[in-house]
J.: 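The structure is given below, and queries will be raised subsequently.
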Amino acid sequence: MTETLETIAQKMVAPGKGILAADESSGTIKKRLDSIKVENTEANRRDYREMLFRATDAMKNHISGVILYDETLRQRANDGTSLVEIIAASGAVPGIKVDTGAKALSGRTAKIEKVTEGLDGLRERLKEYHGLGARFAKWRAVITIADGCPTWNCIKANAHGLARYAVLCQEAGIVPIVEPEVLMDGEHSTHDIDRCYEVTEWTLKTTFQELYDAGVKLEGMVLKPNMVIPGQKSARPASATEIAEKTIKCFRATVPVAVPGIAFLSGGQSDQQATENLQVMNAMGPLPWKLTFSYGRALQAAALAAWGGKSENAAAGQRAFSHRAKMNGLAAAGKWSKVLEKAA
Ligand code: 13P
């Protein structure tokens with residue numbers, strides 16, 4: 001029986017679970033592997049990801065879906081099982097990144113602003129991905145805060161791309177993760193939490209208008225936004241409570257309640273910060289949508305370091321991954337605390 005978009009979306013935001021973003025392109029995973037001095041070969045990328053997907057405790061209990069890169073969706077484990085089968089056997093939904101990257105947006109702000117590409121041939125690619133087992137997809141747009149940026153041109157172009165992608169996904173029976181990311185990195189001390197609020201609100205308002213215009217069914221999508229958070233160079237830090245209050249206020253003003261769930265990106269926050277912020281937001285419930293995680297770095301950093309590219313460290317890598325997955329699963333349920341973090 002084919003699952004409906006609504007059923008898949010609900011599964012992706014199941015209580016106490018969240019999404020593992022393991023869809024780094026071969027260029028991005030190189031940076032991660034460089035950090036542990038491991039060569040960026042297809043076999044090493046496979047071994048690393050196989051180690052994560054075989055962490056049974058984490059996968060069964062805390063991970064609802066895994067976002068893959070094209071290469072990984074087609075890869076087989078050492079014993080010949082496809083990585084997609086390993087993920088599906090754990091009960092998690094396999095997903096696929098389908099954008100082809102954020103490219104310089106031509107025009108006055110070309111050196112700063114980007115637009116995400118990947119619409120050409122997307123209908124055909126989605127059909128193939130569905131055949132390979134993917135039931136959800138991801139497209140990430142990035143919005144940069146700088147002097148005079150973002151521009152309306154950048155927000156409009158990215159929101160339009162997200163909407164065209166999302167409607168094509170739904171046509172193919174694939175749930176779109178709609179990811180408009182307001183970046184937290186940047187050079188500006190004036191990029192504080194209130195500036196992030198303003199830009200996130202503008203971005204989400206525009207994105208949902210474009211989704212409406214394109215005919216996207218909100219019940220069959222998942223939103224993947226940034227938290228409302230100060231930029232990394234901001235002169236004004238914010239507490240987890242301020243971040244949670246402003247993020248929820250912003251979503252209440254922009255995200256329709258028909259959307260089943262919101263799964264955050266970590267965006268450069270530390271592991272524990274990403275967990276704590278999610279916890280504080282869920283503790284402020286009840287909320288009209290599920291609030292969970294779709295973390296890349298904040299779920300993988302500890303596992304990557306513990307593994308270090310050595311097969312004898314696979315169990316240590318899995319333990320580190322399981323711990324973060326469990327902590328974030330607790331935060332998604334509003335049940336995490338610093339005491340539990342330390343107890344482990
Ligand atoms: P981070 O959690 O590392 O920001 O990555 C999530 C992601 O998938 C970005 O597209």
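Atoms within a ligand are numbered from 1 in the order they appear, just like the ligands themselves. We number each residue from 1, following the sequence as shown.
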J.: Kindly assign one of parallel, tilted or perpendicular to the pair Tyr48 and Trp307, based on the angle between their ring planes and the thresholds 30° and 60°.
T.: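 Rings of Tyr48 and Trp307: tilted, 30 to 60°.
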
J.: At under 4.0 Å between heavy atoms, which part of Ala298 makes contact with ligand 1: side chain, backbone, both or neither?
T.: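 Contact part for Ala298 vs ligand 1: neither.
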
J.: Just go through Lys224, Glu181, Arg297 and tell me whose heavy atom is the nearest to atom 7 (C) of ligand 1.
T.: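 Going through Lys224, Glu181, Arg297 one by one, Lys224 has the nearest heavy atom to atom 7 (C) of ligand 1.
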
J.: Which heavy atom of Phe321 sits nearest to which heavy atom of Ala303, and what is that distance?
T.: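 What the structure gives for the nearest pair is CB-CB, 3.8 Å.
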
J.: Looking only at heavy atoms of Lys97, does any of them come nearer than 4.0 Å to an atom of ligand 1?
T.: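 Distance cut 4.0 Å: Lys97 fails for ligand 1.
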
J.: I need the nearest protein heavy-atom contact for atom 1 (P) of ligand 1: residue, atom name and distance, please.
T.: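 Checked against all protein heavy atoms, atom 1 (P) of ligand 1 sits closest to Ser266 OG, 3.3 Å.
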
J.: Could you tell me which atoms of ligand 1, counted from 1 in the order shown, lie closer than 4.0 angstrom to a heavy atom of Gly267?
T.: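 Once the distances to Gly267 are compared, the set is 1 (P), 2 (O), 4 (O).
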
J.: In Å, rounded to the nearest 0.5 Å, how long is the span from CG of Asn44 to CD of Glu39?
T.: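 The distance works out to 7.0 Å.
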
J.: Quick one: does Ser294 get a heavy atom under 4.0 Å from ligand 1?
T.: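 Yes, Ser294 has a heavy atom closer than 4.0 Å to ligand 1.
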
J.: Going by the atom numbers of ligand 1, which of them fall below 4.0 Å from some non-hydrogen atom of Lys138?
T.: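 Heavy-atom distances to Lys138 below 4.0 Å select 7 (C), 8 (O), 9 (C), 10 (O).
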
J.: May I ask you to say whether Lys338 pairs ionically with Glu276, meaning some side-chain N is under 4.0 Å from a carboxylate O?
T.: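 Yes, Lys338 and Glu276 are salt-bridged.
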
J.: Looking only at heavy atoms, is any part of Ala21 under 4.0 Å from ligand 1, and if so is it the side chain, the backbone, or both, or is it neither?
T.: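 Ala21 to ligand 1: side-chain contact only, backbone stays beyond 4.0 Å.
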
J.: Of all heavy-atom pairs between Ser322 and Ala55, which one has the smallest distance, and what is that distance?
T.: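 Of all heavy-atom pairs spanning Ser322 and Ala55, the closest is OG-CB, 4.1 Å.
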
J.: Can you find an N/O atom of Gly296 closer than 3.5 Å to an N/O atom of ligand 1?
T.: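 In this structure, Gly296 places an N or O atom under 3.5 Å from an N or O of ligand 1.
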
J.: Can you name the atoms of ligand 1, numbered from 1 with element, that are less than 4.0 Å from a heavy atom of Tyr295?
T.: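 Every atom of ligand 1 under 4.0 Å from some heavy atom of Tyr295: 2 (O).
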
J.: Suppose we measure from atom 9 (C) of ligand 1 to each protein heavy atom; which comes out shortest, and what is that distance?
T.: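 For atom 9 (C) of ligand 1, the nearest protein heavy atom is Glu179 OE2, 3.2 Å.
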
J.: To the nearest 0.5 Å, what is the distance between CZ (Arg125) and CG (Asp70)?
T.: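 Answer rounded to 0.5 Å: 8.0 Å.
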
J.: Evaluate the criterion side-chain hydrogen bond (donor to acceptor under 3.5 Å, both in side chains) for residue pair Glu113 and Thr151; output intermediate values, then yes/no.
T.: CA-CA 8 Å; Glu113 295 193 300; Thr151 59; 2.7 Å; yes

J.: Short question: side chain of Lys114, backbone of Ala102 - any donor-acceptor pair under 3.5 Å?
T.: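 Absent.
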
